[in-house]
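Notes to accompany the following structure.
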Amino acid sequence: MTFRERLQAWRYNLVPDHLVGEILTKRWTDNAIPFLALVATLGVFGSIIPGFFKLTSLQESTRQLGEFSLVVIGMTVVMLGGGIDLSVGSIFALSCFSAVYVFFILEQSIWLALAAALATGLVFGAINGYLVGYLRLRAFLTTLVTFIFGRALFDILVSSYAADIQLSQASSEVLDFIGDGTFWGLSVSVWLATILAIVTHIALTRSRLGWHVLAVGGSRRSAHNAGIRVRRTVFMTYVFSGFCSSIGGFLIACRLSGAGPGTGLNLEIMALTAAVVGGVSLGGGRGSVVKGLMGAIIVLTMTNGLIRLGYGTGTNQMVLGILLAVAVTIDIRWLKNRHKVLNEVYVAPVYLKMGETQSAAPGSGTSYELDNRLSAADHIGLGELEGPEDVILDRDDHLYCGTRHGEIVRFFAPDYVKSEVFAHIGGFPLGLAFDKEGNLISCVGAMGLYSVSPEREVKRLSAETSRSWTSIVDDARLRDPNDCDIAPDGRIYFTDSTKRYDAHDWALDSIENRATGRLLVYDPKDGSTKTLLDGYRYTNGVCMAHDGKSLFFAESWACRVHRYWLEGPRAGRAECVIRDMPGYPDNINRASDGNYWMAWLGMRTPSFDLSLRHPDMRKRMTRRLPQDEWLFPNINTGGVVKFNEKGGIVETLGDLSGNAHPMVTSMREHKGYLFVGGILNNRIGRYKIAGADPNWTGPTSYWGAKP
Amino acid sequence: MNATGRPNWRRLNQEGIVFAIAILLFAAAALGLPGFLTADNLVAIVRSVSVLGILALGMAVVIIGRGIDLSAVAIMAMSVAWYLQLLNTGTSDGLAFAYVIAGVLAIGLLNGFLVAYADVPAIFVTLATGSFVFGYVRSQLITQDAVPVPQGHWVELLGGVRFLDIPIEVFVFAGLAFLVFLFLRYTKWGRFIYFAGDNPVAARNIGIPVRPMLVLRYALSAVVALIAGLLTAASLHSINTRVVNSTLLYDIVLVAVIGGIGLSGGRGGVRNVLVGAALIGILLNAMTIIDIPLLYQNLIKAAILLGAIIVDGIINPRDEQTAQQGDI
Amino acid sequence: MRLLRALIAAATALAVTAFAAPSFAADDPGPAAYAKALNGKRVMLVPLAMGFDLAQGWAHYLKKEVEAWGGTFETRDPNWVVDAGAQAITDAIASDTRPDVLIIHAPDLNSYSKLMKKAQAAGTYVLLVDNPANFPADAFVGSDWDKLGQLEAEAAIKGCGENSSKKIGLVQGDQANSSSLYQYAGIMKVLEKHPDFQVVAKPDSNWDATTSRNVTTTMLQQHPDICSIIDFWDGDATGASAAIRDAKLDGKVFLVTTGGGEKAADCDKLNDGTYGAVVMTDLARQSGDMNAIIKFLLQSGQPAGTSHTYIYTLEKATTKADLKPDSCWDLKALQAEAAAK
Amino acid sequence: MEPIVRLENVTKTYRGVPAVKNVTFDLRKGEIHALLGENGAGKSTLTKIIAGVVDASSGKMFHKGVETAYASPHAALEAGIAMVFQETSLVPSMTVAQNLYLGTEKFLNRLRGTYISAQQFLQSLNFPVDPSAMVATLGAAKRQMVEIARAVHHNAEIIIFDEPTATLTPEEKRHFFALIRRLKARGVSIVFISHALEEALMIADRITILRDGELVITDETSAFDRDRIVAAMVGRSLSGQIYRQRDEAKLRKAGKKVLSVQDISMSNIVRNNSFSIFEGQITGVFGLIGSGRTETFKIVSGIYKRDFLRGGAIELDDKPVRYLVPSEAVADGIVYVTEDRKSEGIFETMGIAENLFGGLLAAGREKAWVINQQEMRQLSAEWTKTLNIKAINDNARVVELSGGNQQKVVIGKGLVQQPRIVIFDEPTRGVDVGAIAEIHQIINRLADDGLAVVVISSYLPEIMNLSDRILVCRQGRIVEEFSPAEATEEKIMYAAVH
């Protein structure tokens, strides 16, 4: 290996380029910019202001934050629903007044004051909601007018009752606690804001109500067509905003024990600024409560921080303006270009030096030498079939195969002329196996592990495994289940070829050549799925050894076959039994003579092997060239290989003519015949094996003679 | 009136409704309020809304092009405050004015640039620049909220200029309204604003310089704000920067939008601004004559405006199938 | 050179301690007690905003004095936002550097009451300045707004004269601020004694000059024979004066207002006839009062919230006739002085 | 056989204009019923009445023999009627999975759970769409798949597909047809609105043809052939008039080479694309949606920018050009007539005259700064006549025109700019058959006048009929060139797909 090549190997195998792409696929990266702004703001002010992070100081200084966050949460929800609520300040002030009026003037209990505040907020919100939602007035204009109205009303009320409020002797421990106390170190307002934020966040991302809000904000017409009650949803967002503001108003009433003309003044512009800094988009659809909260913290920390530092009027508006412009500009550019970046960086090839191999060329004299025997195979279903990846036969000699259209087709014995669609599953039914009860188990590409009963009932067995916490992509979802086999105890062992690409993007996986293939096991007893092995280059065929104590599985892009021990001293471990084959292995199945059949879906080429040593070249290729000009594994020629328990090659079959079975993805031996399938083929081949046991069948080999 | 002879209520859009309310109020005030229907009072009405109207003209141009300028008030107050501060600290008039014009244009261009070339929505950009302009000027360039006009300066004299006993603001407002009308209606660039506001993508595709136009609009709006600021200073002999924190900005948007200029762009014109300004002007004047306290004035104003938009909402309903996305 | 200087300094110090100290130190414990009580104490001013003349004037005089006795003086600028002010006070109380004296310029009767109580509970003396609040602070220093209103009314009556229409217009601030409400009450008290004078209109300006101008214009139209207008603050009285000018009634309508006594805002305007009379705050004296009460409180050793002292600043209506060169203070001069340091 | 849905004498008027007139229509259980007709014939309106999206002005609707009228799509859905809309009705800011379950979601949903079940469901229909992707990032075909999947997911008894195949590739179409056959086998009744007559003939059990809001004929599919359908749709026989094979002798010869494009690239959408355009002939560009054909020509006309580095070269009259904005291209005489009229073609609040005049103003040939209203009216009158634009009145806003007339306005807007190269992107999409012929005439006239004309289309007969040479685009590049005389639909399609 030259130094340059070693450098390349380190560069591409040690630097986790793929993580960049994986991180970018995550929705939470939307929050990156506001989050950075938040950290920077807290960092700067925390280091300049002495005692900023001190608990007692935080307890006090976050009270206002709690109230403000509540208002921002309400505003965020309205904005997500495609509206805007400029009247939050008025609602806040009026609710504050209601609480104060009930408590201090009517001298009622604090809880009644709370009820009054909430009622005020809900009624005001409902008015906004009715006007904007049901009468469908324009939100900006309407809430602007209700804002003026509410403010005027509040000013009148405050000026009429201000003196009376002061004369009141009413007091309450609860009020003092809400206003001044702390609970587990945090003030009531922070607790309330936190709880409401969590509830709202869950509601928005996971609940029906939240989805409806997002849908209405994202596209009113689509939401309507989807059967969502758009008007009611819009109405509810304003009611919710009124609710949030009224809690805020109640809290400030408790904190200041009064209401003054300045209560809630300019709150709407502050809340709007906070939502915008956080990255909630105006006009709906994009944003989250988390973003709103981050915005709220940034805005308040900054305003109060600058005041605390003694800066004069204007400085904080100036800084806020700069921050707003910078944050929003970067955020918008970022969101706009994220997908472009993602497209550019997602494919991140690694370096691999394939081992020296023996030639499979005819006449080369190696054990891999291909011949022309398969070209003599009879054809079944010629022209009707599209892509029979795997084939299998049942006890009654009927032949089953999957197709590209997501169907499992059954050909009837003995002549295999007549056929029917046995079941429709969808996806790409790849690996097939019969269990003890005669259910047909199929590994369906892009879907999961399915079972089809003899009565054709389709049942999903598994579509997810446990998530590994070190992975950034959610690897619980199966993306490319490929082949399966069943152990004597009924457990189903199967492979999931890649974690990074969907089944139909297998070519990208081969070009990237990253080892993300897995071996999994499904336990029918409790329905659980576990990951046994991880980190192989495209795990493919699986076959239970004849004694049922170990299994073989193929690692396609590395041209290797491994043996995984189920029991015995090496249980739970895998060892490589065949390495550096000249072809890419696919399905593996039992042979009647105690050996194993293995399909080669394609043959290695020096050019592709070379390209594997040049990840940079492959990366450039995927970016600059149209897909049909990419260099990827040759799948035009293949063959069938028989190997023994030790991994020794017994014989090799091929179709040099290229007419019948140029590439093979599966083969089954049944009563002296070999049935051959290929995912790009339009037929199944039936080849008479010389000297094979004419009575041997798969089901018998697995489950014994017919009961 | 349509063919069947019935009045066609569908024709009655928001502009019509607001206009009708304004006429009604005017008639009621003329009959019921002594001294309302005098020449002096009518002039006073116009004058009371002239600065608001001028700002609304600038806003209208921006809104028609599918934008919004929330920095108008900040630019108005702060540019003039800076100008007066420069004068008070002894900078020569010409130089000071050159500075201020440059500053105002710079902010207008910055607004336009960020909206046009960085694709940041106008409401964010102008919110940010408005805040910045206020903050920067207030903290770095001037020392007090209010800055007085130097004695005998032309701005002070401007406030005293009369023609036919009508104050200068009225003429400036009328003149600007007419100019903006001509610009929007009869010039190429004026028409381009409508095209760009109606469908920016299509406008770009047929070869209209959409982005430079955007920059132009914000620059225009900034200059209009400066003019409004100078007039304010002229009549008050000082400028108070606290106006930035007031609801003036909302009033500007209100005047433009209540008159029927759609926030989604492409619709409306100077007439709508005049109608909106007329309603507000008559309303405020009548209420002041009756001596309604300011607190109640706001309540009444809001109630009447709410009535107008509700009536519009009922007569011209929008439904899910026709509503434009992002039309807030 | 440096060495020489140090030697001389050391010698001088030695001489002073050797000869001077024993003879006086024992006699007067005052300076030491004074220094002990005050040194390192913190004083914080939270006005409505730092952007207007009075606040800057106060800050100037307080800073000068506080720093002279070795304390720390800080200001917080909520820029007219009540919430921000409340937060500034909250932060101040909770912070490591809690002030020993908090000087608050209250926006209204209520908003800060609870916070002030908290401050006192934490051991901070609370001083209210200029605007009253419904709270028994340790001391109140500022205008008696009722009295101030009376002075305005008297000035207006005088300005109108006997042979006038005897119609007076008011331009109030708003209906919530104590300074506005008490002023109004004071004006009415005086006018009750003069039943021949009547108030023809009393709109609000919301402390905004443009609104003030608009309402005054309308007022003058309805009542062109008004003889005097009382505007509640010089901050917006420029609007009323503009309206008078517009109506060509300069000299015919006597404009009375109140202000902080800043030269450009008040005296210059009196001088050029814009205002007829201004009830001005004597800033230097008011600040002096504040300084005195601060020093008293810090030395008293009494817990915060014990005393409830009211110190009203002496005020009078100034007209052009009794304008003296020192009637006003000059903000520019103060700033220049501060800058020179 | 008892129909599952029956409409009796249904009429729907929009502001006094009838969209559907007195139609009686029935749908049987378990049948595939194709609904054909020109644009504006009332197909969508008719089906929207069934699906509760609009309500009929008069007439009755029976569902399973009971008279009903669904007030909203929601109500119809509950009753088992789902509809796939022509204009996509997905929420772009939500994920595929969320869109799929929108309206039928549980009160609380587990995120991974929804992704997995959405993946299973989509794949069971063989639609390879990532369930966690945001819909905004998907291409048109995948959106259509999600849309179809959503309708199927509701387990409705009646599913209405409004032009479902317009954006699908042949392979995807096969999956789709397999799907509706399966649905049919399950007893689901299907209404299938399509433009492609061949598809209707191939898949439908019965065909109904609408014209001008009236039902012309309903019959078993076996009773129809292509000509009969067209005749019923248009009201006269048009066969051979619009789409016919060109013979060699009538092809226009290439004139001067005006535009030459070498190796232009833009991200991974346009890759190393090279071709030339000649004066005096029509260059037809065929390609499936997503093949980069539109983007390529948007680069040529300055709407998109090619990659800054290694972006290739474009030469106009042998002089290299790089446009940053379309106005530069317009000034050089390159005009692009968009495929997406609504969102990037017309100014909908304005009238015909203003739309046309906008083109003139933007061309920059008008030096004067002052608008001449007189000139505007003249221009409008002249072009309305030339292009035969029909409007109810002179002040009609463009949105109120039919699709064909809107398209003519868009074309007119480009032609007033006196271009040298005109690029038509899908010039007859959503245009009624009558207007197609007129638009084709206009295009031919331009080429005859010596202009360089490019027609981009994914409708093969149109390409075959109009072009003097055919370029085929695939995966971001021109991959083949044919002469219309030798090309067959199969050859072109093969080049476009493989």
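For clarity, every value in this text was computed on a predicted model and none was experimentally measured.
By the salt bridge (Lys or Arg N to Asp or Glu O under 4.0 Å) test, D:R420 pairs with D:E279, D:D317, sequence neighbours left out. Applying the salt bridge (Lys or Arg N to Asp or Glu O under 4.0 Å) rule to B:R204 yields no partners; only residues at least two apart in sequence or on another chain are considered.
With chain B as the partner, the residue from D:V335, D:V54, D:D340, D:I346 showing the most heavy-atom pairs under 4.5 Å is D:I346. Of all the listed residues (B:N205, B:V210, B:I208, B:L182), the one sharing the greatest number of non-hydrogen pairs under 4.5 Å with chain D is B:N205.
In this structure, B:N199 contributes its side chain and D:F347 its backbone to no donor-acceptor pair below 3.5 Å.
Within the 4.5 angstrom heavy-atom criterion, no atom of D:I334 approaches chain B. Interface remark: B:F192 contributes side-chain atoms only to the contact with chain D (heavy atom separation under 4.5 Å). Only the backbone of D:S343 comes within less than 4.5 Å of a heavy atom of chain B; no side-chain atom from C-beta onward does. Neither the backbone nor the side chain of D:E328 comes within contact range of chain B, judged by heavy atoms closer than 4.5 Å.
Around the CZ atom of B:F178, the shell of radius 6.0 Å holds no more than 12 heavy atoms that belong to other residues, nucleotides or ligands. No more than 12 heavy atoms of other residues, nucleotides or ligands sit less than 6.0 Å from atom CZ of B:F19.
Here the straight-line distance linking atom OG1 of D:T338 with atom CD1 of B:I206 works out to 12.0 Å at 0.5 Å rounding.
Among all heavy-atom pairs drawn from B:A202 and D:G345, the shortest one is CB-O, 3.6 Å. Of all heavy-atom pairs between B:F195 and D:M350, the closest is CE2-SD, 3.5 Å. Considering every non-hydrogen atom in both B:G207 and D:S327, the closest pair reads O-CB, 3.0 Å.
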